[in-house]
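Here is the structure we will look at.
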Amino acid sequence: MNLGDIDPAWYWLIGAALLAATELAVPGVFLVWIAGAALLTALITFATGVGVPAQLVMFGLSAIAMVLVGRRAYGRMTHVTDDPLLNDRTARLIGQTVTVAEAIEHGRGRITVGDGVWSARGPDAAAGSRVRIVAVEDGCLVVAPADLLPPPPQA
């Protein structure tokens, strides 16, 4: 038996299975759509027996269509959670009282948040003083003196 004697639809089917298995091994939610396009190409090739050039065009067009459908489907998914700030690390910092690491002078300085040091903007404050994070703007934490603000609400 020669490899040229095998129906090309089997190659598409094997390719679809390999892509799907790869998606399972290394999840990325992308190869599954390409696997679907290969499966569709295999099914149409089994049904119609179209030639290889037509199969390649069919695979290319169906891959584009499947990826667009997949992107749209995943874009519409909403994840309900009890914590709306679950994946917004900086927003979770708002309300925390932290220590000034490098004095805030002329509106700029650095503060210690957990075990890291972040850039901060706010009124002048000496190193070692306590400030409260009130906002995040362009990746920089905005602070205010901790003793001038009411305590943050308890969750």
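All values below come from the heavy atoms of this structure, side chains included, with hydrogens, waters and symmetry mates left out.
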**Request:** Using atom types as modelled and distance alone, determine if a side-chain donor or acceptor of D138 lies under 3.5 Å from a backbone N or O of C140.
**Result:** no
**Message:** Run the salt bridge (charged side-chain N to carboxylate O under 4.0 Å, His left out) test against R121 and tell me which residues pass, sequence neighbours left out.
**Reply:** E137
**Request:** Determine, using the 4.5 Å side-chain heavy-atom cutoff (strictly less than), whether L43 and Y11 are members of one ILVMFWY cluster.
**Result:** yes
N/O donor-acceptor pairs under 3.5 Å from side chains in residues 101-113, not counting sequence neighbours:
from : atom 1 : to   : atom 2 : distance (Å)
R110 : NH1    : S119 : OG     : 3.1
R110 : NH2    : V117 : O      : 3.4

**Request:** State yes or no: do V131 and I94 share one hydrophobic cluster built from I, L, V, M, F, W and Y residues joined by side-chain heavy-atom distances below 4.5 Å, directly or via other members?
**Result:** yes
**Request:** Might you point out which heavy atoms bring R132 and T97 nearest each other, and give the distance in Å?
**Result:** NE-OG1, 3.3 Å
**Asked** Applying side-chain hydrogen bond (donor to acceptor under 3.5 Å, both in side chains), which residue pairs with at least one partner in residues 27-47 are found, sequence neighbours left out?
**Response** none
**Prompt:** If you look only at pairs with a residue in residues 35-56, which of them pass as a ring pair (Phe, Tyr, Trp, His ring centres under 6.0 Å), with sequence neighbours excluded?
**Reply:** W10-F46
**Request:** Just jot down the side-chain contact (heavy atoms from CB on, under 4.5 Å) partners of F30, sequence neighbours excluded, or say none.
**Result:** I34, V67
**Asked** How about I133 and W118: do any of their side-chain heavy atoms sit closer than 4.5 Å?
**Response** no
**Request:** Check side-chain contact (heavy atoms from CB on, under 4.5 Å) between S129 and all other residues, then give those that pass, not counting sequence neighbours.
**Result:** V100, A125
**Prompt:** In terms of hydrophobic clusters joined by side-chain contacts under 4.5 Å, are L40 and V50 together?
**Reply:** yes
**Message:** Test: side-chain hydrogen bond (donor to acceptor under 3.5 Å, both in side chains). Region: residues 49-69. Which pairs qualify, not counting sequence neighbours?
**Reply:** W12-Q55
**Same apolar cluster (I L V M F W Y, side chains within < 4.5 Å links), M66/V69** = no
**Request:** Please identify each residue that fulfils side-chain hydrogen bond (donor to acceptor under 3.5 Å, both in side chains) with R130, with sequence neighbours left out.
**Result:** T99
**Interatomic distance, L19 atom CG to L24 atom CG [nearest 0.5 angstrom]** = 11.0 Å
